[in-house]
Amino acid sequence: MELISVIVPCYNEQESLPLFYDEIRRVSAEMQKENDVAFEYIFVNDGSRDDTLKILRDMARGDERVRYVSFSRNFGKEAAMYAGLEHAEGDYVVILDADLQHPPKYIPEMYGYVKSGEYDCAGTRRVSRKGEPKLLSFFARKFYKIINSISQTEIVDGAQDFRFMKRKMVDAILDMPEYNRFSKGIFSWVGFNTKYIEVENTERVAGTTTWNFWKLFKYSLEGIFAFSLAPLAVPAFLGVLFMLIAFVTALVVIIRAIAFDGILTCFAMLIAAIFFVVGVQLFCMGIVAQYISKIYMDAKGRPIYIAAETEKDKK
Ligand code: UDP
Ligand code: MG
């Protein structure tokens, strides 16, 4: 029998939780009719201020499949997902939101894809941004454009955190102990074959979202800094640019002096000298940045490679 771990990060979800619990039980029972699978539900209470923990305690008392981890304070969804993965014991793990924006009804289909052996992971990708403020959609699109042009890790536009994964992939994610976690990047960095199911945007069943424009903006910067070293190249680039400006300015002044009036304009030469010195400084910062980028990548402690299969897996 195979065990499926369902991971649910919860932050102030007292209204959604009972609805979610009903739905996940319905879907589990349906899957168990056709497959030899068992379930565990791991709820991570991310420092909720409402009755979420009380509800989880009650649920755990009445149902041995329910497990929970309750944080000492709010650590954020990324930390909650990591904790869930760490506690999961299943052969398969699925992560989804408590607000039913990631409808559990897709789990059987996802299981089918992964079970077939063709994919290691199945996720959902929203095809439309219906119901989202226009300005937010605009910035979201720009963000995906920017990050994909400066990062080697592909960040799939519209891909959600709703993922059904094989144990191998879960272990690979747990092998990435970095503190600043950007899951959209991590899911993609670890590799493996992912099947994306295209879905429509679903509204939250109850409660309110904790994300606002500012938080999303900070989160997108998090993604850029965690998965791209491009910003560190900015000083070196500016340094070269400034030195070039200095050379051209000096050249123009000298040529003009020699060819035309014989007057060397000190003011223009001074400007050129300033540009040159600033350029050298920026360029040196760029050199230091190269070393910092190496330290930064080493400090993340990411694995050097991840094996998807060896001869031991196919017996
Ligand atoms: N969540 C969490 N910690 C937080 C914020 C959110 O665990 O600090 C959970 C939340 O309970 C939900 C999921 O992460 O299950 C997605 O959050 P939300 O619905 O607020 O985000 P949105 O769907 O609007 O992106
Ligand atoms: Mg939501």
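All values derive from a computational prediction rather than experimental measurement. Counting starts at 1 for both ligands and their atoms, following the listed order. Side chains included, hydrogens not; waters and symmetry mates left out as well; all remaining heavy atoms used.
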What protein heavy atom lies closest to [atom]? Include the residue and the distance to one decimal.
| atom | result |
| --- | --- |
| atom 3 (N) of ligand 1 | D46 OD2, 2.6 Å |
| atom 5 (C) of ligand 1 | T210 OG1, 3.4 Å |
| atom 1 (N) of ligand 1 | Y11 CB, 3.7 Å |
| atom 16 (C) of ligand 1 | D97 OD2, 3.1 Å |
| atom 23 (O) of ligand 1 | Q101 OE1, 2.5 Å |
| atom 24 (O) of ligand 1 | T209 OG1, 2.6 Å |

Quiz item: Between the side chain of R125 and the main-chain N/O of D157, is any donor-acceptor distance below 3.5 Å?
Solution: yes

Exercise. May I ask you to decide if D120's main-chain N or O and N193's side chain share a donor-acceptor pair within less than 3.5 Å?
Key: no

What atoms of ligand 1 come within less than 4.0 Å of a heavy atom belonging to [X]?
| X | result |
| --- | --- |
| D99 | 19 (O), 23 (O) |
| A98 | 15 (O) |
| E13 | 10 (C), 11 (O), 12 (C), 15 (O) |
| R204 | 18 (P), 19 (O), 20 (O) |

Quiz prompt | Stacked cation flag R73 on F75, 6.0 angstrom / 45 deg | solution = yes

Any chance the side chains of [X] and [Y] put a donor and an acceptor closer than 3.5 Å?
| X | Y | answer |
| --- | --- | --- |
| S188 | E154 | no |
| Y11 | N45 | no |
| S128 | E200 | yes |
| K215 | Y219 | no |
| T52 | E13 | no |
| Y179 | E78 | no |

Self-check item: N/O/S from T209 sitting under 2.8 Å away from the Mg ion (ligand 2)
Solution: no

Exercise. Please determine if the Mg ion (ligand 2) has an N/O/S atom from D97 lying under 2.8 Å away.
Key: no

Practice problem: Kindly identify the option in G76, C10, P9, S16 whose heavy atom sits closest to atom 15 (O) of ligand 1. | Solution: P9

Quiz item: For atom 14 (O) of ligand 1, which of H102, K77, M81 has the closest heavy atom?
Solution: K77

Quiz item: Taking 4.0 angstrom as the limit, do K218 and E222 come out as a salt bridge?
Solution: no

Exercise. State which residue, out of F39, Y119, Y111, fulfils the ring pair (Phe, Tyr, Trp, His ring centres under 6.0 Å) condition with Y92.
Key: Y111

Practice problem: Examine the proximity of ligand 1 to W211 and report which part, side chain or backbone, both or neither, has a heavy atom under 4.0 Å away. | Solution: side chain

Quiz item: What do we get for N74 next to ligand 1 when only non-hydrogen atoms under 4.0 Å count, side chain, backbone, both or neither?
Solution: side chain

Quiz item: Looking at the Mg ion (ligand 2), which N/O/S atom of D99 is the nearest one?
Solution: OD2

